[in-house]
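The block underneath contains the structure these notes are about, expressed in structure tokens.
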Amino acid sequence: MDQELWPSGLRVLVIDNNISYLKVMEELLIKCSYKVTTYNNVREAMSFIYGNEQTVDLIICDLFFPTEDSLLILQEVTSKFGIPTVIMSSNGDTSTVMKYITNGASDFLIKPLRIEELKNIWQHVFRKQIGAEHRKCNIAQHIDQLSYRTTTEATATLDSEIRENNGTVTDILDLRKSRLIWTMQLHRQFIAAVNSLGPEKAVPKKILEIMKVKHLTREQVASHLQASPKKFIPNIVQR
DNA sequence: AGGGTAATAT
DNA sequence: TATATTACCC
């Protein structure tokens, strides 16, 4: 791997109730030059996070089916600390994945994880930080600078969303593209808007108002709403 | 006039 | 297939 442009030292916290798999994860992550902390239960992990603010850059959490503790962690961690969280599970059905993504997960990986996947997870940290310089985590400066070029390249496909705040798309304008692309991020905001309105009130104009995305049109929302049931979006009732 | 949505087009 | 546009309705 590229020594010069690698964000070595990224602090990753892994939570999984399977101790042997925790060991596997630790080895894989260390091979990626990350700094690894592991916990086999949610309570201790949360305690660590609360007691060591600003010392975790990324969380990888098992799904813990069926207690769904991971969902609680996800919501609490993302809202209070803004730490990007990756969910991993051996079960990857669409509704489950969608539920976690809509609740703020940065990614959803299927076990067993390949090292190639772990090599790329650091990107989530930078994606979260784009457009939020003022509250930048205390991630090492050299990592920040050395990684910026590769981060920019890695997120090039999301360039139309460069005006993101805290992972929220606020503008979709991209002169290189003639057609809007509904990225997962944008899609997530759409779903959040639809869910906050009920099935009754979820009409294009109101969805658009709630999404607050510049240059997004009512027609585009309407088109997406029409296509949505086919894509299996949770909680959408067909009329 | 504005807007929802089914149908159709690209 | 995904997104845009049109047609028709309220």
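Remember, predicted model here, so these are calculated numbers, not experimental data. Here is the naming used below: chain letters follow the sequence lines, and residue numbers restart at 1 for every chain. No hydrogens, no waters, no symmetry mates; every other heavy atom, side chains included, goes into these values.
Here B:dG3 presents its C1' atom at 12 Å from CD of A:Glu209, a figure rounded to the nearest Å. Following rounding to the nearest Å, A:Leu216 (CG) and C:dT3 (P) show an atom-to-atom distance of 12 Å. Look at CG on A:Leu197: it is 14 Å from C1' on B:dG4, rounded to the nearest Å. Taking atom CG of A:Leu208 as the reference point, atom P of B:dG2 lies 16 Å away to the nearest angstrom. Spacing between atom CD of A:Glu200 and atom C1' of B:dG4 amounts to 14 Å, rounded to whole angstrom units.
Of all nucleotides listed (C:dT5, B:dT5, B:dG3), C:dT5 comes nearest to the side chain of A:Ser223. Taking only side-chain atoms of A:Glu219, from C-beta outward, the nucleotide of C:dT5, B:dT5, C:dA4 with the closest atom is C:dT5. Among the nucleotides B:dG4, C:dT3, B:dA6, the one closest to the side chain of A:Gln226 is B:dA6. Side-chain proximity of A:His224 to the nucleotides B:dT8, B:dG2, C:dT3 is greatest for C:dT3. Comparing C:dA4, B:dT5, B:dA7 by their nearest atom to the side chain of A:Arg218 picks out B:dT5. With C:dT3, B:dT8, B:dG4 as the candidates, the nucleotide lying closest to the side chain of A:Arg179 is C:dT3.
In this structure, A:Asn40 and A:Asn18 have side chains that are not in contact, with every pair of non-hydrogen atoms separated by 4.5 Å or more.
Checking the phosphate oxygens (OP1, OP2) of C:dA4, a side-chain nitrogen or oxygen of A:Gln220 falls inside 4.0 Å.
A salt bridge links A:Lys23 with A:Glu26; the closest basic N to acidic carboxylate O contact falls under 4.0 Å.
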message: Could you walk me through whether A:Leu186 and A:Met211 satisfy the side-chain contact (heavy atoms from CB on, under 4.5 Å) test, starting with their C-alpha distance in whole Å, then the side-chain angles of each, then the deciding distance to 0.1 Å, before giving a yes or no?
response: CA-CA 9 Å; A:Leu186 194 56; A:Met211 287 180 73; 4.1 Å; yes

message: Walk me through whether A:Lys111 and A:Asp62 qualify under salt bridge (charged side-chain N to carboxylate O under 4.0 Å, His left out).
response: CA-CA 9 Å; A:Lys111 286 181 175 179; A:Asp62 184 72; 2.7 Å; yes

